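Structure record follows, encoded as structure tokens.
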Amino acid sequence: CMAHYYFERMTGHEYPDISGYHKVTVDEMNGTTDQDKEQKIKKIMAKDKINGIVLFGDPSKKPNIVESDQSNDAKNKIGPNVLYPIASLQKVYTGIAIQKLIDEGKLSLNTKISQFYPSIPNASKITIENLLTHRSGIKDRTSGPTDLLKNQKAQMKFAQKNLNSTGKTGIWNYSNSDYALLAGIISKVTGQSYEKYLSTNLFKPNNLKNIKFYNQVTNASQITNAKGSGNAQNNHLNFEELKTGMSGELGAGEVFSSAQDYWNFISGLVAGKYVPLNNIISNPYNYYDGVYLGDGIIHADGSINGYQSCFI
């Protein structure tokens, strides 16, 4: 589990009850110093046998780091620069990329996706904003790919073949397919692959070297063990199964990241480094650009094959 965790004490905000996460109370986190907080976090992680890492603190400064190795495996790696599959935490990358294109006048929230996907049912009723806010009426697929999807063309073909466009726009329905379509739109607008656009415009300019797409991670030893149910322990078979599943999550869950680089990315987001932060938080919906919004709080979470990740 890579986590930026949900700490009610730090935010003064009651967050949603997310299955698989330990809900930290004020008493558990009450401490006068960062060292006090680190000890309390470490105790919680050991108690719940969380194999992972927590980063916390002021996003404009270096984070405080708490590590917990619960794997009983000498080869297991835990640390701020180790790779973890971040699942839906990737959606903020996709959302920010789309927001950049909107701010540059290359797209608008009202752009209909029929411009890019004329064959998708009800495409003339679905806007970019509908995709960004999970109100497109598109239901997700019910199963993942059985074989590794080797490139974006194969990923897009899989996404379009397996989605279900119901025509019920404007109704909340969380769907990875929304962000797969957004990833494809990024490519269609820029003439670059989704991976290339993100690398060129977000990752490399900000020195984020430990964000890797599934096809860039070739060995199980590059990632940490999962301890959760349905885990992908570090053996060749399950590692390949993990990557196969990730390959079906274009724009929504195909990326590995270190905790440190995810912290750095979110710090840049909060500082308005990529797009003005107000362009995100001023949105009236409770989900936009890959993050949940409410009461001045930005957060997201992800889960895949026994790995859990979150930030707030």
Side-chain angles (χ1 to χ4, degrees), residues 2 77 80-98 100-101 141 144-160 162 176-224 226 232 234 236 238-266 268-269 274 289-290 300-309 311:
M2 183 210 73
K77 296 180 180 180
N81 297 310
V82 177
L83 295 176
Y84 303 79
I86 62 172
S88 288
L89 292 195
Q90 180 189 346
K91 289 186 175 74
V92 69
Y93 300 153
T94 306
I96 293 303
I98 288 288
K100 281 176 67 68
L101 296 176
R141 55 178 172 73
T146 55
D147 297 305
L148 184 77
L149 303 176
K150 296 183 178 180
N151 52 48
Q152 185 174 328
K153 182 178 179 180
Q155 289 178 294
M156 280 306 311
K157 183 178 180 179
F158 175 81
Q160 291 186 69
N162 289 280
N176 286 348
S177 297
D178 288 337
Y179 276 70
L181 296 179
L182 287 169
I185 288 171
I186 290 168
S187 292
K188 291 172 184 289
V189 171
T190 66
Q192 301 178 54
S193 70
Y194 169 77
E195 179 181 327
K196 178 70 172 178
Y197 181 82
L198 262 61
S199 297
T200 302
N201 292 275
L202 292 179
F203 302 156
K204 288 182 180 178
N206 296 290
N207 200 33
L208 302 175
K209 298 179 180 179
N210 284 320
I211 299 176
K212 307 288 186 183
F213 286 81
Y214 70 94
N215 53 1
Q216 297 173 323
V217 179
T218 58
N219 194 296
S221 65
Q222 293 175 261
I223 66 173
T224 196
N234 276 11
H236 177 75
N238 282 333
F239 173 66
E240 294 304 326
E241 289 176 352
L242 171 64
K243 290 211 309 177
T244 296
M246 291 174 68
S247 75
E249 304 293 359
L250 173 65
E254 57 176 321
V255 166
F256 295 89
S257 176
S258 69
Q260 182 65 65
D261 266 9
Y262 202 81
W263 173 279
N264 292 342
F265 181 85
I266 295 301
L269 171 67
Y274 321 119
D289 271 356
D301 61 273
S303 176
I304 185 171
N305 287 58
Y307 293 90
Q308 304 278 345
S309 55
F311 83 86

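Position 1 is the first residue of the sequence; numbering continues from there. None of the values given here were measured: they were computed from a predicted structure.
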Closest non-hydrogen contact found for A159 with A180 is CB-CB, 4.0 Å

Main-chain N/O of T244 paired to S247 side chain as donor or acceptor, under 3.5 Å: yes

Can you see which heavy atom on Q216 is nearest to which on Q222, and at what distance? O-NE2, 4.5 Å

Parallel, tilted or perpendicular, judged at 30° and 60°: which one describes the rings of F256 and F239? tilted

Minimum side-chain heavy-atom gap M246-I304 below 4.5 Å: yes

Gap separating the OH atom of Y179 from the OH atom of Y194, nearest 0.5 angstrom: 10.0 Å

Counting only N and O atoms by type, is there a donor-acceptor contact under 3.5 Å from the side chain of S258 to the main-chain atoms of N81? no

Nearest-0.5 Å distance that lies between atom CG in D289 and atom CD1 in I98: 8.5 Å

With heavy-atom distances below 4.5 Å as the criterion, would you say the side chains of M156 and L181 are in contact? yes

Who passes ring-ring contact (aromatic ring centres under 6.0 Å, His included) against Y197, sequence neighbours left out? none

Between OG1 on residue T94 and CG on residue N176, distance to nearest 0.5 Å: 10.0 Å

Short question: side chain of Q90, backbone of I86 - any donor-acceptor pair under 3.5 Å? no

K91 NZ to I96 CD1 distance, which is reported to the nearest 0.5 Å: 14.5 Å

With side chains defined as the heavy atoms from C-beta onward, is the minimum distance between Y307 and T224 less than 4.5 Å? yes

Rounded to the nearest 0.5 Å, the CG atom of L198 sits from the CD1 atom of I186 at a distance of 6.0 Å

Side-chain donor or acceptor of N238 paired with backbone N/O of E241 under 3.5 Å: no

Does any pair with a residue in residues 247-262 pass salt bridge (Lys or Arg N to Asp or Glu O under 4.0 Å), and if so which ones, sequence neighbours excluded? R141-E249

Could you tell me which non-hydrogen atom of Q152 sits nearest to which non-hydrogen atom of G184, and how far apart they are? NE2-CA, 4.2 Å

Looking at I223 and V82, what are the two nearest heavy atoms and their distance? C-CG1, 4.3 Å

Checking the side chain of S187 only, and the main-chain atoms of Q192 only, is there a donor and an acceptor separated by less than 3.5 Å? yes

Taking A259's backbone N and O only, do any of them form a donor-acceptor pair with Y84's side chain (distance below 3.5 Å, no angle check)? no

Spell out, as yes or no, whether a donor-acceptor pair under 3.5 Å connects the side chain of Y214 to the backbone of L148. no

Does N206 use its side chain to pair, donor to acceptor, with the backbone of L208 at less than 3.5 Å? no

With F203, the ring-ring contact (aromatic ring centres under 6.0 Å, His included) member among Y93, Y262, Y274: Y93

Closest approach of P85 and L242, non-hydrogen atoms and distance? CG-CD2, 4.3 Å

Could you check whether any side-chain N or O of K243 sits under 3.5 Å from a backbone N or O of V217, counting only pairs where one atom can act as donor and the other as acceptor? yes

How many angstroms lie between NZ in K204 and OG in S199, if you round to the nearest 0.5 Å? 6.0 Å

